[in-house]
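So the structure is just underneath, and the comments pick up after that.
Each chain gets a letter, A, B and so on, in the order its sequence line appears, and its residues count up from 1.
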Amino acid sequence: MCGRFAVTTDPALLAEKIKALDEATQTSTGAKSGPNFNVAPTQTITTVVKRHSEPDDQSTRRVRSMRWGLIPPWAKTAEDGSPDNKGPLLINARAEKVTDSPAFRNSAKSKRCLVPMDGWYEWRPNGEPGKKTPKTPFYMYGDDGELLFMAGLWSTWRPKGAPKDSPPLVSCTIITTDAAGPLAEIHDRMPLTISAPDWDRWLDPDAPVDEGLLRGHGDLDRIAIREVSTLVNNIRNNGPELIEPAEPQPEQGVLL
DNA sequence: CCAGACGTTGTT
DNA sequence: GTCTGG
DNA sequence: CCAGACGTTGTT
DNA sequence: GTCTGG
């Protein structure tokens with residue numbers, strides 16, 4: 001799956017790199033600047049969308065800030081005016097379900113996004129299932145040192161009674177699929193990557209979701225894996241040491 | 001018709 | 001154990 | 001995803 | 001919002 005990741009490219013540079021308008025730095029709630037080696041759920045993250053300036057214009061790529069953890073438009077409003085989040089945080093959405101599930105299907109139609117990152121972390125369970133052996137973290141990244149772009153969905157939410165033109169809370173989720181290749185040794189799910197030639201097709205707000213991309217594995221062949229230290233476990237830790245290779249820890253039980 | 005749910009992963 | 005916070 | 005918190009009533 | 005259950 002994908003529950004923690006690393007980003008070292010700031011939004012302005014990203015926008016330049018992928019020829020997008022930078023709409024991330026203009027808002028007060030933008031992602032914190034500088035490299036972040038420990039991006040966690042509920043934080044503000046940088047995404048890429050395609051939108052129109054005018055209804056009849058061609059859509060253009062835009063870099064935007066969003067809260068990680070999708071809040072459906074129909075989420076209720078709590079007493080303090082925040083969304084009433086019962087149930088789990090929607091940081092991931094299963095590719096197999098996004099077109100049908102009530103929480104995601106509207107976003108799947110016209111609110112698809114990409115979540116750029118240097119790499120992400122997976123924790124491999126060790127020992128017999130059911131026993132509480134510490135998990136081992138791994139870092140998955142592009143073997144060419146370039147960014148990976150994860151398929152995502154986004155949504156807007158306003159408190160009950162708020163004007164239609166008031167600024168909404170914009171949130172997003174990362175789509176997951178079956179793990180394949182070497183990644184399957186670590187975990188049974190992985191984020192859905194989209195390779196550069198497919199970005200525009202994935203993002204097109206005027207076309208239905210592309211089933212081929214949704215069922216594919218995008219940039220799977222670019223992904224490298226290395227074991228890292230448990231420093232990443234605690235989100236207070238944040239530095240380049242989080243992605244440095246660690247001494248392999250034995251995987252117990254399964255191999256016996 | 002209205003009321004109520006709507007979601008992930010992992011573990012069992 | 002289960003929920004919240006980051 | 002993992003880490004960390006998790007609490008009442010009454011009195012000051 | 002939109003679908004399901006009653």
Side-chain angles (χ1 to χ4, degrees), chain A residues 1-7 29 31-32 36-45 65-78 80 82-111 115 117 119-140 150-162 164 168-169 171-179 183-184 186-192 227-239 242-243 253-254:
Chain A
M1 52 147 350
C2 187
R4 212 78 77 77
F5 61 91
V7 175
T29 50
K32 63 179 168 193
N36 188 345
F37 294 91
N38 212 342
V39 181
T42 72
Q43 292 178 359
T44 301
I45 65 174
S65 292
M66 301 184 188
R67 177 205 195 251
W68 185 18
L70 186 138
I71 296 150
W74 39 259
K76 294 195 176 109
T77 304
D80 64 356
S82 66
D84 207 345
N85 266 336
K86 297 190 189 104
L89 221 39
L90 304 183
I91 62 167
N92 293 122
R94 297 176 71 91
E96 307 89 318
K97 293 185 179 174
V98 289
T99 49
D100 288 331
S101 112
F104 301 129
R105 61 188 166 205
N106 283 326
S107 294
K109 279 181 200 153
S110 59
K111 286 186 166 61
V115 181
M117 60 184 71
W120 82 98
Y121 302 98
E122 297 280 9
W123 280 260
R124 184 189 65 193
N126 297 317
E128 300 285 347
K131 290 190 179 163
K132 32 195 170 187
T133 17
K135 294 177 181 178
T136 304
F138 290 79
Y139 181 59
M140 339 295 248
M150 305 312 176
L153 304 174
W154 60 283
S155 174
T156 59
W157 180 88
R158 289 183 181 83
K160 190 182 176 190
K164 299 272 190 213
L169 171 58
S171 60
C172 65
T173 191
I174 294 174
I175 296 179
T176 64
T177 188
D178 275 327
L183 283 82
I186 311 294
H187 207 79
D188 63 343
R189 305 289 297 174
M190 63 178 284
L192 175 61
E227 186 170 336
V228 293
S229 81
T230 52
L231 281 172
V232 68
N233 289 16
N234 196 317
I235 57 160
R236 288 175 304 202
N237 297 325
N238 197 321
L242 299 198
I243 64 171
V254 181

Check your understanding: Considering residues at least two apart in sequence or located in another chain, which fulfil the ring-ring contact (aromatic ring centres under 6.0 Å, His included) criterion with Y139(A)?
Key ->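 Testing Y139(A) for ring-ring contact (aromatic ring centres under 6.0 Å, His included), a comparison that skips the adjacent residues, returns Y121(A), Y141(A).
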
Review point. Any side-chain N or O of K97(A) under 4.0 Å from OP1/OP2 of dG7(B)?
Key: no

**Study point:** Side-chain N,O (R94(A)) to OP1/OP2 (dT8(B)) below 4.0 Å
**Key:** no

Exercise for review: Work out which heavy atom in E122(A) is nearest to a heavy atom in P191(A); give both atom names and the distance.
Suggested key: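 The answer is OE2-CD, 4.1 Å.
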
Review point. N92(A) and M1(A): which non-hydrogen atoms are nearest, and at how many Å?
Key: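 In terms of heavy atoms, the two residues are closest at OD1-CE, 2.5 Å.
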
d([atom1], [X]; [atom2], [N]) in whole Å:
X: L90(A); N: dC1(D); atom1: CG; atom2: C1'; value: 15 Å
X: D188(A); N: dT8(B); atom1: CG; atom2: P; value: 14 Å
X: N126(A); N: dC2(D); atom1: CG; atom2: P; value: 12 Å
X: L70(A); N: dG1(E); atom1: CG; atom2: C1'; value: 13 Å
X: I175(A); N: dG7(B); atom1: CD1; atom2: P; value: 15 Å
X: W120(A); N: dT9(B); atom1: CH2; atom2: P; value: 14 Å

Review point. Could you go step by step and tell me if W123(A) and T230(A) meet the side-chain contact (heavy atoms from CB on, under 4.5 Å) rule?
Key: CA-CA 10 Å; W123(A) 280 260; T230(A) 52; over 6 Å; no

Study note, to complete from the structure: Applying side-chain contact (heavy atoms from CB on, under 4.5 Å) to R158(A) and not counting sequence neighbours gives A162(A), S166(A), P168(A)

**Study point:** Any residue meeting side-chain contact (heavy atoms from CB on, under 4.5 Å) with N106(A), in chain and number order, not counting sequence neighbours
**Key:**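 Per chain and number, N106(A) pairs via side-chain contact (heavy atoms from CB on, under 4.5 Å) with K109(A).
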
Practice item. Could you grab the distance from atom CZ of R4(A) to atom CG of N233(A), nearest 0.5 Å is fine? Key: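 Going from CZ on R4(A) over to CG on N233(A), the span is 7.0 Å.
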
At under 4.0 Å between heavy atoms, what does [X] touch on the DNA or RNA strands: base, sugar-phosphate, or nothing?
X: N38(A); result: nothing
X: P88(A); result: base
X: T176(A); result: sugar-phosphate
X: Y121(A); result: nothing

Might you list the N or O atoms of the protein lying below 3.5 Å from N or O atoms in nucleotides 3-6 of chain C, with each pair's distance?
unit_1 : atom_1 : unit_2 : atom_2 : d
dG6(C) : N7     : P41(A) : O      : 3.2
dG6(C) : N7     : T42(A) : OG1    : 2.8

Practice item. Give the C-alpha distance, both sets of side-chain angles, the deciding distance and a yes or no for side-chain contact (heavy atoms from CB on, under 4.5 Å) between Q43(A) and W68(A). Key: CA-CA 6 Å; Q43(A) 292 178 359; W68(A) 185 18; 5.7 Å; no

Practice item. Counting Watson-Crick and G-U wobble pairs whose two distances are both under 3.5 Å, find the runs of 3 or more in a row that involve DNA chain E. Key: B:1-6 with E:1-6

Point to revise | Separation between the C1' atoms of dG4(B) and dT9(D), rounded to whole Å | key: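 36 Å, rounded to whole Å.
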
Pairwise N/O distances under 3.5 Å, protein to nucleotides 4-6 of chain B:
none

Point to revise | Side-chain H-bond candidate by donor/acceptor type, N126(A) with R124(A), under 3.5 Å | key: yes

